[in-house]
Each structure stands twice: as structure tokens, then as C-alpha cells.
Amino acid sequence: MEEVIKKKEGFHGQKAIVIPRPILFSKCAKNDVISTLYLTDIGYYPKAKFHYRERPHGADQHILIYCHEGAGTLTIDNTEYKIGSGDFFTIPMKTKHTYAADEKKPWTIFWIHFKGTSSDQIVSCFRKQNRWKGFVQASEKSIELFNEMYKQLERGYGSDSMMYANMCLWHFLSTFLYNDKVTTTKNLKNKDATDVAIDFLGKNIDKVLSLNAIAKEVNLSSPHFSSLFKKKTGFSPIEYFNHLKVQKACQYLLFTRLRIKEISLELGIEDQYYFSRLFTKIMGTAPNEYREKRIH
């Protein structure tokens, strides 16, 4: 019975992204600008009934969880903290902890995992201000920034997307550290050919697309489009499309019971063995192993 009511994930409306570890190494850890602080995992669990997580040896990253609604508990340093609507808590890497949603009022949470050469100092700032638990009066900006980071990562791991998402991370964390200074700003978005192409790829994740077909969508020749796309993202259009397909596959593996062959077909890939090889190349682990480990 215990195993039935304690869930790491599996909540209606949930979403999460686990950035491939090889990409973290090449795009973040080795990048002079964002190596100081970068996301590794990000997610949202609405009304997460029976949500429970126990890590006897902690996580490999620092964690921040914001409770938007509902309630739960955090146990860290042998002390239990009651978590309510508007509360957030931070957990340093390699620190034993347990957290769980309240059974009667299960929480809705936004969560991130992060690393970087400055991440220890940032967690120390949280600890000095509020120990492990804090409260946010105005969460609109925090949620807006969370959605900005998530949307960028959902569009793939291009150089610009990774830079933008992780630069937003500084601002996102600051809205918790310095919530009294939060102000609302408006963001204007101008889409170029690469952005339009990425939108097109995202809407056709279940199809097989050629370079010519993608270039045609933005009214550019294939060579010119490919050059522009790679200059902006750091990847070829097809390689980028494969990243989006594998990202979607991760969602299926984590949140559904679909078999590997069924997931492959959902992504427009008829050969499940080719799909498995592609997944392993990008994520560094086979689909079945990824599902079993529940990496995030």
C-alpha cells in the first residue's frame, strides 16, 4: 500500500524537462558565461496528490521548489518544515532530505535543479536569509520567468536558447532572494526565420521532415537557411529536430506507459531500433534505462 500512495511523478497536467547531460557539459559547464549557474532539470506538478520524494544521499544538484498552492512538508537536517501556499525551500546538493505533498491539500509546485561554479554561494545566500524555507508575497514574476525558461528549453538546446534560459535563471532565483524588489516588466518578442522554423518543428514533432521542407516553410533556400539556423543554435536543423523528438520521448517515458515502439511511432519514426539508437546518442542512456531511473 505504501508504494501505491507515494509517487515521484504521475500527476495530471505535469511537465518536466531533463536536459541531456552531454549537452549540459558542452553548452553550460564549458561556457564561460553560464558555467557559473545553469539549469539541469525543470518541472511543474499541479495538485500533486501523494507526491513524495526521499533522497538519502541528496541530489547531484541544488534544488529549489516553490509551492504555489496547497501544502506539504520538507524534512532536512533532521527538522521538519511545514510548507504552505507561497512558501519555497532550497536543498543543497548531496544533502539528505525528504519532501511530500499534504494528503488533504496536495501542493502545486514549480521546481528546478541547478548547478554551476557560483551555485554553492547562491544557496548560501538563501541559507543566510531564511535557512531552508522562505515566503514569496508576489510570485507573478517568478512564475513568468519559470515559464520563460521552460518555453526556451522546450524549443531545444540551441546556443541562444540555453544562454537565454540560464540568464533568466539568475533573475528567477533573485525573485526569491529579493522578493520585495520584484517588479513587473513586459517582454517583446520578434521572431526571425530560425524562430519560425523551430515553431514549425515543434508543431510537426510526429512527422518526418526534410531540410528542404523546413527551409520552404520560411521561404529560404536550404543552404542559406541551414547556415542561418546553425549559426544561431549551434546545431543543424535536422539535429535540432531530433533533439525535440527525444525531448518529447522523455515525456512519454516518464509520464506514460507507452512501449518503446509506440513512442517511436508517435514521433514519426517507424524503426524503433533507430529511435533507440538516436535516444541513446542524445541522452547518454537507453530509453528503457531512462524510464527505470526516473532521472529527475
Side-chain angles (χ1 to χ4, degrees), residues 1-18 39-114 123 126-127 129-147 149-150 172-173 175-177 179 250-258 290-296:
M1 184 64 177
E2 277 297 291
E3 294 183 359
V4 174
I5 64 171
K6 290 183 176 181
K7 300 165 64 176
K8 294 179 182 178
E9 60 274 314
F11 316 104
H12 181 69
Q14 69 184 10
K15 57 184 182 180
I17 292 174
V18 177
L39 287 161
T40 65
D41 309 10
I42 184 171
Y44 167 73
Y45 290 171
K47 296 181 180 179
K49 192 173 184 180
F50 303 133
H51 183 216
Y52 177 87
R53 194 80 195 217
E54 181 178 6
R55 296 186 179 95
H57 304 292
D60 291 329
Q61 313 87 21
H62 301 298
I63 300 171
L64 182 143
I65 297 179
Y66 168 58
C67 177
H68 184 52
E69 296 176 338
T73 58
L74 163 71
T75 301
I76 188 172
D77 279 351
N78 297 315
T79 301
E80 182 179 281
Y81 297 85
K82 298 294 185 182
I83 307 298
S85 177
D87 287 338
F88 71 90
F89 55 92
T90 52
I91 304 170
M93 65 170 66
K94 307 295 184 183
T95 302
K96 177 183 177 181
H97 63 271
T98 303
Y99 52 80
D102 183 84
E103 291 187 12
K104 294 182 179 179
K105 296 189 298 180
W107 59 21
T108 291
I109 57 172
F110 295 82
W111 56 264
I112 63 167
H113 291 209
F114 60 96
V123 172
F126 278 105
R127 188 174 183 181
Q129 282 201 11
N130 49 48
R131 192 59 179 170
W132 307 122
K133 171 186 170 183
F135 179 78
V136 174
Q137 280 190 317
S139 65
E140 293 84 1
K141 189 63 181 179
S142 303
I143 294 173
E144 178 186 344
L145 286 163
F146 176 94
N147 289 331
M149 294 187 295
Y150 193 93
F172 175 76
L173 292 175
T175 64
F176 293 94
L177 271 171
N179 189 246
C250 290
Q251 303 277 333
Y252 284 129
L253 289 166
L254 287 173
F255 304 143
T256 77
R257 295 180 179 275
L258 290 176
Y290 180 88
R291 172 173 268 166
E292 290 169 5
K293 289 179 180 177
R294 303 282 182 178
I295 294 174
H296 76 273

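From a predicted model like this one, the values you see are computed outputs, not experimental measurements.
With a 4.5 Å cut-off on side-chain heavy atoms, Ile109 and His51 count as touching. Contact of the Thr90 side chain with the Lys133 side chain is not registered, since no non-hydrogen atoms from C-beta on lie closer than 4.5 Å. The shortest side-chain heavy-atom distance between Tyr44 and Thr108 falls under the 4.5 Å cut-off. Proximity of Asn179 to Phe135: side-chain heavy atoms (C-beta onward) are nowhere separated by under 4.5 Å. The shortest distance between side-chain heavy atoms of Leu173 and Phe126 falls below 4.5 Å.
Nearest heavy atom pair, residue Met149 against residue Leu39, reads SD-CD1, 3.7 Å. Nearest heavy-atom pair, Tyr150 versus Ala16, reported as atom, atom and distance to 0.1 Å: OH-N, 3.3 Å.
Inspection of the Tyr99 and Arg55 side chains reveals an N or O donor paired with an N or O acceptor under 3.5 Å. Under the 3.5 Å distance criterion, with hydrogens and angles disregarded, a donor-acceptor pair is assigned to the side chains of Thr175 and Ser142.
For the pair Lys96 and Asp77, the salt-bridge criterion is not met [side-chain N within less than 4.0 Å of a carboxylate O].
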Tell me which donor-acceptor pairs under 3.5 Å the side chains of residues 61-68 have, and how far apart each pair is, sequence neighbours excluded?
from	atom 1	to	atom 2	distance (Å)
Gln61	OE1	His113	ND1	2.9
His62	ND1	Met93	N	3.0
His62	NE2	Ser119	OG	3.4
His62	NE2	Asp120	OD1	2.8
Tyr66	OH	Ser139	OG	3.3

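Relative ring orientation between Tyr45 and Phe255 is described as perpendicular, the plane-to-plane angle rising above 60° on a 0-90° scale split at 30° and 60°.
Within 6.0 Å of the NZ atom in Lys15, the count of heavy atoms belonging to other residues, nucleotides or ligands exceeds 12.
Considering Thr75, Asp87, Thr73, Ile76 in turn, Ile76 is the only one that fulfils the side-chain contact (heavy atoms from CB on, under 4.5 Å) rule with Tyr81.
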